[in-house]
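The residues of the chain are indexed from 1 along the displayed sequence. All values below were derived from every heavy atom in this structure, side-chain atoms included, with hydrogens, water molecules and symmetry-related copies excluded.
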Amino acid sequence: RRRSAEDELAMRDYLQEGDLISAEVQSIFSDGAVSLHTRSLKYGKLGQGVLVQVPPSLVKRQKTHFHDLPCGASVILGNNGFIWIYPTAEEKDEEAGGFTTNLEPVPLSDREVISRLRNCIVALVTQKLMLFDTSILYCYEASLPHQIKDILKPEVMEEIVLETRQRLLDLEG
């Protein structure tokens, strides 16, 4: 939180231009400036992961946009259409307040899960299906019989999104 010019300069110890961060937009000013809040330690600098840009209209508004999926990865679904996919940490690093970057190599298994999730999100967007934790997870599960690269083939994409759509309809009732 910036309270003085000194606080503003101190932020350079943590962040610099080009860093990707997660924050709440508190307000937007007429000159285009924004006021951001990082109210808790879940916000801050985003480290290792993949950014996917999608049309914001396809991101379902929810109470929380931070989801730890049972497949071993987590997603942040931004209302602005930016989706961040990253490996779920075993232990939460609360000490640095989300402003340190983990530079450890990401294991192959985690990279494969992240790549599969990314391709599933692209498939859901191509078929114009709303993005939220359940739709992404169902699509991930439907994609498991296929290789990661094959998810982007139109016929496979259509098949897994059709299965996802059917599971969502069954869930509704």
Checklist line | Non-hydrogen atoms of Gln62 and His67 that approach each other most closely | finding: OE1-NE2, 3.2 Å
Note to self: Let's go through Ile76 and Phe82 carefully: what are the C-alpha distance in whole Å and the side-chain angles of both, what is the deciding distance for side chain to side chain contact (heavy atoms under 4.5 Å, CB included) to 0.1 Å, and is it a yes or a no?
What the structure shows: CA-CA 8 Å; Ile76 301 173; Phe82 285 35; over 6 Å; no
Item checked: Reported OG1-to-NZ distance for the pair Thr134 and Lys60, which is rounded to 0.5 angstrom -> 7.5 Å
Notebook entry, point to check: Where do Val125 and Leu131 land on the side chain to side chain contact (heavy atoms under 4.5 Å, CB included) test, with the steps shown first?
Noted result: CA-CA 8 Å; Val125 167; Leu131 299 170; 3.7 Å; yes
Next item on the list: Look up atom CG in Leu124 and atom CZ in Phe132, then write down how far apart they are to the nearest 0.5 Å.
Entry: 9.5 Å
Notebook entry, point to check: Is Leu69 reachable from Val59 through a run of I, L, V, M, F, W or Y residues, each pair having side-chain heavy atoms under 4.5 Å apart?
Noted result: yes
Item checked: Candidates Ile160, Thr164, Leu117 - the one meeting side chain to side chain contact (heavy atoms under 4.5 Å, CB included) with Ser143 -> Ile160
Next item on the list: Heavy atoms only: give me the nearest Met157-Leu152 pair and the separation to one decimal.
Entry: CE-O, 3.4 Å
Next item on the list: Only one of Thr126, Leu129, Val50, Val54 passes side chain to side chain contact (heavy atoms under 4.5 Å, CB included) with Ile121; say which it is.
Entry: Val54
Check: What residue pairs, at least two apart or across chains, pass side-chain hydrogen bond (donor to acceptor under 3.5 Å, both in side chains) with a residue in residues 148-158?
Finding: Asp150-Lys153
Notebook entry, point to check: Is there a path of hydrophobic side-chain contacts, each under 4.5 Å between heavy atoms of I, L, V, M, F, W or Y residues, that connects Ile148 with Val75?
Noted result: no
Notebook entry, point to check: Would Leu169 end up clustered with Val161 when hydrophobic side chains under 4.5 Å apart are linked, directly or stepwise?
Noted result: no
Check: Looking at Trp84 and Gly47, what are the two nearest heavy atoms and their distance?
Finding: CZ2-O, 3.0 Å
Next item on the list: Drop me the distance from Arg167's CZ to Ser135's OG, to the nearest 0.5 angstrom.
Entry: 11.5 Å
Notebook entry, point to check: Distance from Cys71 atom SG to Glu112 atom CD, nearest 0.5 Å?
Noted result: 12.5 Å
Checklist line | CD-CZ distance between Gln48 and Arg111, expressed to the nearest 0.5 angstrom | finding: 10.0 Å
Notebook entry, point to check: Is there a path of hydrophobic side-chain contacts, each under 4.5 Å between heavy atoms of I, L, V, M, F, W or Y residues, that connects Leu108 with Tyr86?
Noted result: no
Next item on the list: Determine yes or no for a side-chain-to-main-chain donor-acceptor pair under 3.5 angstrom, with Ser35 supplying the side chain and Gln26 the backbone.
Entry: no
Notebook entry, point to check: How close do Arg116 and Gln147 get, heavy atom to heavy atom, and via which atoms?
Noted result: NH2-C, 4.3 Å
Next item on the list: Go through the steps to decide whether Ile136 and Leu77 satisfy the test side chain to side chain contact (heavy atoms under 4.5 Å, CB included), and finish with yes or no.
Entry: CA-CA 11 Å; Ile136 293 170; Leu77 302 169; 3.8 Å; yes
Check: Looking at Ala73 and Thr88, what are the two nearest heavy atoms and their distance?
Finding: C-OG1, 3.0 Å
Check: Can you find a heavy atom in the side chain of Pro56 that is under 4.5 Å from one in the side chain of Asn80?
Finding: no
Notebook entry, point to check: Hey, any chance Leu144 and Leu137 share a hydrophobic cluster, counting ILVMFWY side chains that come within less than 4.5 Å of each other, even indirectly?
Noted result: no
